[in-house]
Amino acid sequence: MGTLEGLNAAQRAAVEACDGPLLILAGAGSGKTRVLTMKIAHLITELQYRPDSILAVTFTKKAANEMQERIAQLLPPEMQDRKPFVGTFHSFGAYLLRRHAQEIGLDRSFTIYDQDDQLSVVKAICKDLEISQNFKPNLIHDKISDAKNKGIAASEYFENSYGDDFDEIVSKVYKEYVRRLQAQNAVDFDDLLSLVVKLFDTKPEILARYQQQFHYVLVDEYQDTNMEQYRIVRALAKVHRHLCVVGDEDQSIYSWRGATIDNIRFFQKDFQEHKIVKLEQNYRSTKVILEAANHVISKNPNRIPKALWTEKSQEFPIIINRLDDPFSEAMQVLRELQKYQSNLDEVAVLYRVNSLSRSFEEVFVKFGVPYKLVGGVGFYHRMEVKDVLAYIKFVSNPKDEVSLLRIINTPSRKIGDGAIKNFREVARASRLTFAEFVWYGALVSHDPEFSRAMVSDDFLLKIQEAGNTVFTKFPQLFEQLGQAIKSSFDPEIDISSYIMKVVDSVGYKSWIEKMASTKEEIISRTANVQELAAVAERNKYVGREGLMKFLEDVALVEEAKEVADDVHGPVHGKVHLMSIHAAKGLEFGTVFLVGLEEGIFPHNRSLENPVQMQEERRLFYVAITRAKEHLYLSSSRKRQLGSMMFETVPSQYITDIPDKLKIAMS
């Protein structure tokens with residue numbers, strides 16, 4: 001297929017505009033992924049760009065994989081071996097930091113802490129600093145993450161804040177948080193961006209290297225970028241000016257995690273010679289749905305005008321339901337579902353807040369409707385998976401105290417706070433951190449001869465002298481960890497087999513059987529451990545480098561629904577229950593948008609804030625444009641909050657839809 005075949009006029013213009021900066025405003029369902037992949041193929045096959053001179057970044061691993069597959073289909077066989085860099089912002093950050101770890105004070109084996117690990121560090125700091133329980137660790141962590149996304153360093157935090165008591169606490173914790181991550185040779189997800197910005201700012205020769213390597217930079221879902229992400233792509237494209245950003249300001253719904261719609265304005269200011277191409281033809285939804293979407297979003301001020309349209313001929317009115325209570329609302333959805341029994345996987349029930357799923361789950365269970373609740377506990381966040389990963393992380397990084405604390409008494413080895421305190425005292429005598437002492441001590445205990453290749457004889461003697469009592473008191477711990485550490489240095493080791501070897505050597509399967517409350521739980525948790533090994537098997541990770549790549553890839557899986565799809569396959573024959581945020585990027589033949597009441601959607605906390613109300617309206621726009629053919633909007637006259645039952649008012653968004661497009665059923 002040619003790189004321009006089958007494109008409409010606007011799509012073709014977007015693909016062919018390759019000289020200088022380009023802003024592609026891609027409306028919902030307008031074929032932006034197709035345009036992006038064809039543009040990359042066009043750059044390579046028609047304009048003779050080297051594949052490895054092209055960088056394309058997006059936001060999920062799933063989207064990146066889809067782009068890679070499509071590009072491969074468009075390139076001739078002789079070009080399949082040389083591919084452009086297509087990945088998420090975080091995977092690109094990890095790619096750079098692994099190669100330049102020393103320049104930012106890290107070792108290449110650094111650990112990427114997930115959300116739970118990060119919160120563990122914050123909780124430990126709060127405990128050590130004796131911070132009042134009135135200041136919640138999760139809120140402190142959120143403030144730190146927000147500051148990093150905005151490029152505010154720990155030393156600058158307080159002067160850029162309101163300066164109240166809470167900000168003073170955050171400032172103290174932030175500084176110690178940065179110090180501890182550095183000491184533990186660890187980074188968090190925000191560091192994968194902010195440390196790249198720091199690297200580019202402080203090492204101009206490194207920036208120049210990548211400016212020379214990547215002659216064309218493309219950004220998908222640009223409306224969802226934060227300031228650090230924009231700084232990265234702006235720096236890379238500053239010289240050659242070949243930057244293509246693709247997005248839709250009407251679908252910017254992630255300000256709560258640092259995304260800023262202002263990046264569209266910053267792009268226009270920093271790249272004033274830019275061109276704009278609008279993709280307005282929609283290939284997903286009916287005329288009725290698109291006209292409703294256009295009416296609703298047009299009420300947002302200061303947006304670049306854009307109107308979706310389609311050539312589809314189907315005409316299905318939007319159905320409006322006003323029910324007595326949440327149970328009646330769920331029953332009404334159940335009755336309508338009978339029309340779609342043969343195609344339930346094309347049906348979604350969407351809601352603004354996750355708590356609204358309860359009445360639908362109860363009704364679906366009672367009447368035997370198969371459903372998939374999207375946004376539950378992700379695979380990599382399940383207890384047994386995190387435990388096994390903690391072993392592998394600690395083996396890979398001897399400074400990773402968070403992982404050590406998770407595994408040191410899992411399975412139970414009767415190692416309590418007193419024993420850990422003793423570990424720390426012995427480690428201090430050896431001039432090592434707690435984690436380093438356990439790591440080196442385990443290796444020395446298991447195989448002194450092998451350990452001599454790692455450290456000096458004098459160093460080994462200090463560990464042995466300082467730790468003899470500890471080693472003899474907990475021989476099982478040190479023997480098991482030592483065996484795992486030594487095996488990890490085998491250049492031929494298959495990581496899938498290695499994972500199961502570690503699981504067996506520490507007695508984790510037996511521990512599952514002891515702590516599980518039912519046979520089903522034993523089966524489920526054991527299956528999850530085996531599935532973790534299967535993930536490594538599918539990706540053919542081998543040796544020490546493979547071990548680090550495995551941990552990096554696992555850490556970069558960003559969304560619970562993405563994990564579920566990757567591990568267990570797509571959902572078939574089940575209704576999808578999910579929040580609107582989780583539905584971003586998806587489409588369904590039939591959508592039930594429920595809980596449309598003032599205070600729920602738009603959300604109560606946004607009602608007095610004009611900026612947040614604009615985002616709520618964009619969220620509604622995203623919700624209704626998930627539907628391809630049938631759209632149902634429903635609300636409940638009464639809604640219970642706590643022990644109180646309240647009368648509700650229908651959402652203003654229902655009123656915004658012209659009467660000619662909708663039919664009220666109740």
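Sequence positions, counted from 1, serve as the residue numbers for this chain. These numbers were taken from a predicted model, which means no experiment stands behind them.
- When only modelled atom types and interatomic distance are considered, Glu597 and Ser651 share no side-chain donor-acceptor pair under 3.5 Å.
- A donor-acceptor pair under 3.5 Å is formed between the side chain of His240 and the backbone N or O of Phe214.
- Taking a 6.0 Å sphere around NZ of Lys306, one finds it holds more than 12 heavy atoms contributed by other residues, nucleotides or ligands.
- In this structure, Lys662 contributes its side chain and Ala292 its backbone to no donor-acceptor pair below 3.5 Å.
- By the neighbour-count criterion of 12 heavy atoms within 6.0 Å, atom CG of Asn539 is densely surrounded, having more than that number from other residues, nucleotides or ligands.
- Between the side chains of His141 and Gln118, a donor-acceptor pair is found at a separation under 3.5 Å.
- Residue Gln211 forms a side chain to side chain contact (heavy atoms under 4.5 Å, CB included) with just one option from Val217, Ile206, Val239, and that option is Val239.
- Counting only N and O atoms by type, the side chains of Tyr340 and Glu346 include no donor and acceptor under 3.5 Å apart.
- Annotation: side chain to side chain contact (heavy atoms under 4.5 Å, CB included) contacts of Ile261 (sequence neighbours excluded): Glu249, Ser252, Arg618.
- Less than 6.0 angstrom separates the ring centroid of His576 from the ring centroid of Phe588.
- The distance between the ring centers of Phe85 and Tyr95 falls below 6.0 angstrom.
- For Arg626 against Ala28, the heavy-atom pair with the smallest separation is NH2-CB, 3.9 Å.
- If you look at His90 and Phe59, their ring centroids are not closer than 6.0 Å.
- Side-chain polar atoms of Asp220 and Thr58 form a donor-acceptor pair below 3.5 angstrom.
- In plain terms, the two heavy atoms of Gly27 and Leu308 that are nearest each other are CA-CD2, 3.7 Å.
- Asp656 is linked by a side chain to side chain contact (heavy atoms under 4.5 Å, CB included) to Val296, Lys299, Arg617, Tyr653, counting only residues two or more places apart in sequence or in another chain.
- Defined by atom type and a distance below 3.5 Å, a donor-acceptor pair is missing between the side-chain atoms of Glu66 and Gln68.
- Nearest heavy-atom pair across Tyr216 and Gly20 is OH-O, 4.4 Å.
- Aromatic rings of His274 and Phe267 (six-membered ring for Trp) have centroids within the 6.0 Å cut-off, being under it.
- Counted by atom type alone, Asp270 and Tyr230 present one or more donor-acceptor pairs between their side chains at under 3.5 Å.
- When only modelled atom types and interatomic distance are considered, Thr225 and Asn263 share a side-chain donor-acceptor pair under 3.5 Å.
- A donor-acceptor pair under 3.5 Å is formed between the side chain of Gln11 and the backbone N or O of Asn8.
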